[in-house]
Amino acid sequence: MALMMQLLILVLLPAAFLLPPAAWAGEIIGGQEARPHSRPHMAYLEIQRGQNSFHCGGFLVSENFVLTAAHCNGDKIKVTLGAHNIRRREASQVVIRAVRHIPHPQYNNRTKNNDIMLLKLDRKVTLNNYVKTISLPATNKTIKPGDVCNVAGWGRIGCTSTTDRLQEVDVEVLENEECQTYSLYNPTTMLCAGDPKKGKDSAQGDSGGPLVCKGKPQGIVSWGPCHPPGVYTRVSTFITWIQKTMKNLQP
Ligand code: ARG
């Protein structure tokens, strides 16, 4: 009997590796390398929090403000713009320190609600082919289930593997019900997206990056397990806060 089991394991284990990649819950799952510099609004954030350091995504919304997730906050944040391969020193890269971190005042790290943060950069960046702003969506502009959006990031490309080069994947906006299995899901401040059938999703390390729908950043990678659907901050809910905050911090 034990021998039978061993034989079965020997036969079935290699078979698991033959499954299509989508069956591996959890990459910018199910995506591909982005065409270099095709998303010039993308920012790579290196965050120091106490003894720890980690990274997140973000996006340039004006010459001196980057939008990201509040859970990416830390003591020090270094922002790289114009990057494709984050491990290389590309001529297009611009590295700037964030001088102000403004997480949403109602951000709650237990409920993950209002997971949005503005970073004011040390100076205004020069915009060029590699560094561009992306304009915000209109207030309360509703995006509908079935809309196809795109999410990019330097996060994991599986539950554990990492990447140096920007990855991207198309994901669908899902009905709120599909995320309501997550007890913390709040349809007013959050957005549900992913492709559960094809296993497409954002992943650990993509947080803070934009979910772009028809050219507008409608979502911010926020949380989710290592498989779709993923939960995004619903950007359209926060337009007034974003604009007011940026205006207040302008000299
Ligand atoms: N919280 C993660 C981060 O900090 C993002 C997780 C996204 N997960 C998902 N299934 N979409 O990078």
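Only a predicted model underlies this, so the values are computations on that prediction, with no experimental measurement involved. Counting starts at 1 for both ligands and their atoms, in listed order.
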Qualifying residue, where the test is side-chain hydrogen bond (donor to acceptor under 3.5 Å, both in side chains) with Thr189 and the options are Thr233, Asn113, Thr237: Asn113
Proximal atoms of ligand 1 relative to Ser222 (non-hydrogen, under 4.0 Å): 1 (N), 2 (C), 5 (C)
Between Trp223 and Tyr182, ring centroids under 6.0 Å: yes
Test log, rule side chain to side chain donor-acceptor pair (under 3.5 Å), inputs His84 and Glu33: CA-CA 10 Å; His84 178 63; Glu33 183 175 343; 2.8 Å; yes
Stepwise salt bridge (Lys or Arg N to Asp or Glu O under 4.0 Å) check, Asp115 with Lys112: CA-CA 6 Å; Asp115 192 8; Lys112 304 174 200 288; over 6 Å; no
Salt bridge (Lys or Arg N to Asp or Glu O under 4.0 Å) evaluation trace for Asp195 with Lys200: CA-CA 5 Å; Asp195 191 329; Lys200 297 182 179 185; 5.1 Å; no
Distance from atom 4 (O) of ligand 1 to nearest protein heavy atom, with residue and atom: Ser207 OG, 2.4 Å
Sub-4.0 Å atoms of ligand 1 with respect to non-hydrogen atoms of His227: 10 (N)
Contact atoms of ligand 1, heavy-atom distance to Asp206 under 4.0 Å: 12 (O)
Min N/O separation Pro225 to ligand 1 under 3.5 Å: yes
Ligand-residue contact atoms, ligand 1 with His71, heavy atoms, under 4.0 Å: 1 (N), 3 (C), 4 (O)
Trace of the salt bridge (Lys or Arg N to Asp or Glu O under 4.0 Å) decision for Arg97 with Asp122: CA-CA 6 Å; Arg97 176 171 78 91; Asp122 200 18; 3.5 Å; yes
Where ligand 1 meets Asp201 - atom numbers and elements under 4.0 angstrom, heavy-atom basis: 9 (C), 10 (N), 11 (N)
For atom 8 (N) of ligand 1, the protein heavy atom that lies nearest, with its residue and separation: Gly224 O, 3.6 Å
Any N or O of Cys226 closer than 3.5 Å to N or O of ligand 1: no
Geometric class of the Trp241/His104 ring pair [parallel <30°, tilted 30-60°, perpendicular >60°]: tilted
Side-chain donor/acceptor of Asn114 to backbone N/O of Gln106, under 3.5 Å: yes
Atoms of ligand 1, numbered as shown, that sit under 4.0 Å from any heavy atom of Gly205: 3 (C), 12 (O)
N or O pair under 3.5 Å between Ser202 and ligand 1: yes
